[in-house]
**Q** 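This structure is in structure tokens; I'll ask about it shortly.
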Amino acid sequence: MEIKGRIIQLLPLVTGESAKGAWKKQEYILETEAQYPKKICFNAWGDKVDQFNIQQGEELIVSVDLESREFNGRWYTDVRAWKVERAQAAAPAQNYQSQPGAPVPPPVEFFNPQNDGNNSTDDLPF
């Protein structure tokens with residue numbers, strides 16, 4: 001699942017020691033860019049914390065896995081990031097041709113039932 005939004009908060013880094021060795025976890029709060037924005041807390045574990053290097057205010061596209069587990073009759077859901085991409089604003093269409101020597105894209109042709117070459121009056125293209 002992919003979630004796009006802006007990082008509005010970094011929660012404190014949590015570290016610990018287990019039978020398998022040292023571990024670390026970082027949680028982040030991301031706010032979506034919908035008409036009614038949602039706040040989503042997701043986390044990164046281990047080496048992903050340093051690899052992602054997420055900073056407050058960044059626009060990101062975060063790929064997450066959702067997993068729930070039961071403990072003492074209560075359910076807990078984990079939203080774990082496995083891939084993070086920096087969102088980049090799309091370049092305006094006018095910039096495509098504004099550079100000298102840039103190739104001009106071919107015109108787009110759409111199906112026109114009035115001029116399909118068969119002179120048929122059928123609305124179906126087949």
**Q** Just wondering, do Cys41 and Leu11 contact through their side chains at under 4.5 Å, heavy atoms?
**A**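 Contact flag for Leu11/Cys41 side chains = yes.
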**Q** Grab the two heavy atoms, one from Ser68 and one from Thr77, that are nearest each other, plus how far apart they are.
**A**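 Minimum heavy-atom separation between Ser68 and Thr77: OG-OG1, 2.8 Å.
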**Q** What I want to check is whether the side chains of Gln51 and Asn53 have a donor and an acceptor closer together than 3.5 Å.
**A**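 There is no such pair between these side chains.
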**Q** Take Lys4 and Glu2 through the test salt bridge (Lys or Arg N to Asp or Glu O under 4.0 Å) and record every step on the way to the result.
**A** CA-CA 7 Å; Lys4 182 178 181 182; Glu2 285 187 349; over 6 Å; no
**Q** Backbone N or O of Gly57 within a donor-acceptor pair of the Arg6 side chain at under 3.5 Å?
**A**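 Flag set: sc Arg6 to bb Gly57 pair under 3.5 Å.
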**Q** Hey, any chance Ile40 and Met1 share a hydrophobic cluster, counting ILVMFWY side chains that come within less than 4.5 Å of each other, even indirectly?
**A**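 Shared cluster, yes.
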**Q** Would the distance check show the side chain of Gln56 and the main-chain N or O of Ile8 forming a donor-acceptor pair, the cut-off being under 3.5 Å?
**A**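 Side chain of Gln56 to backbone of Ile8: a pair is present.
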**Q** Grouping I, L, V, M, F, W and Y whenever their side-chain heavy atoms are under 4.5 Å apart, do Val49 and Val84 come out in a common cluster?
**A**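 As far as the 4.5 Å side-chain criterion goes, Val84 and Val49 are connected within one cluster.
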**Q** For residues Val62 and Leu10: do they belong to one hydrophobic cluster (side chain heavy atoms under 4.5 Å, members Ile, Leu, Val, Met, Phe, Trp, Tyr)?
**A**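 Cluster IDs for Val62 and Leu10 match.
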**Q** Flag the pair Arg80 / Trp82 as yes when at least one side-chain heavy-atom distance between them is below 4.5 Å, and no otherwise.
**A**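 No, their side chains stay 4.5 Å or more apart.
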**Q** Answer yes or no: are there more than 12 heavy-atom neighbours, outside Phe71 itself, under 6.0 Å from its atom CZ?
**A**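 No, CZ of Phe71 has 12 or fewer neighbouring heavy atoms, counting only those of other groups under 6.0 Å.
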**Q** Check for me, please, whether Ile29 and Ile54 land in the same ILVMFWY cluster - side-chain distances under 4.5 Å, paths through other members count.
**A**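 The answer is no; the residues belong to distinct hydrophobic clusters.
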**Q** Any chain of hydrophobic side-chain contacts (each under 4.5 Å) joining Phe42 to Ile3?
**A**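 The answer is yes; both residues are in one hydrophobic cluster.
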**Q** Would Asp47 and Lys24 pass as an ion pair if we require N to O under 4.0 Å?
**A**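 Salt bridge flag = no for Lys24 with Asp47.
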**Q** Would you give the length of the straight line joining atom OG1 of Thr15 to atom NZ of Lys25, rounded to the nearest 0.5 angstrom?
**A**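 Between Thr15 OG1 and Lys25 NZ, I get 11.5 Å after rounding to 0.5 Å.
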**Q** Other residues, nucleotides and ligands only: do more than 12 of their heavy atoms fall within 6.0 Å of CD on Glu67?
**A**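 Count not over threshold, so no.
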**Q** Got a sec: does the CZ of Arg86 have more than 12 other heavy atoms crowding it under 6.0 Å?
**A**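 Yes, because the 6.0 Å sphere around CZ of Arg86 holds more than 12 heavy atoms from other groups.
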**Q** Within a strict 4.5 Å, meaning less than it, do heavy atoms of the Arg74 and Asn72 side chains meet?
**A**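 No, their side chains stay 4.5 Å or more apart.
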**Q** Taking the side chain as every heavy atom from C-beta outward, state whether Lys39 and Gln9 have any atom pair closer than 4.5 Å.
**A**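 Contact flag for Lys39/Gln9 side chains = no.
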**Q** Yes or no on side chain to side chain contact (heavy atoms under 4.5 Å, CB included) for Glu59 and Glu33, after CA distance, side-chain angles and deciding distance?
**A** CA-CA 10 Å; Glu59 291 278 335; Glu33 300 172 343; 2.2 Å; yes
**Q** Working to the nearest 0.5 angstrom, can you tell me the gap between Phe52 CZ and Gln26 CD?
**A**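 Between Phe52 CZ and Gln26 CD, I get 12.0 Å after rounding to 0.5 Å.
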**Q** Quick one: does Leu30's side chain get under 4.5 Å of Tyr28's, heavy atoms only?
**A**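 No. Closest side-chain heavy atoms not under 4.5 Å.
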**Q** Looking at OH of Tyr76 and CZ of Arg69, how far apart are the two atoms once the value is rounded to the nearest 0.5 Å?
**A**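 Tyr76 OH to Arg69 CZ: 9.0 Å, rounded to 0.5 Å.
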**Q** Going through the checks in order, is the side chain to side chain contact (heavy atoms under 4.5 Å, CB included) test met by Leu66 and Asp78?
**A** CA-CA 6 Å; Leu66 303 174; Asp78 191 34; over 6 Å; no
**Q** Donor-acceptor pair, distance only, cut-off 3.5 Å: does the side chain of Thr32 make one with the backbone of Pro37?
**A**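 Such a contact is absent between Thr32 side chain and Pro37 backbone.
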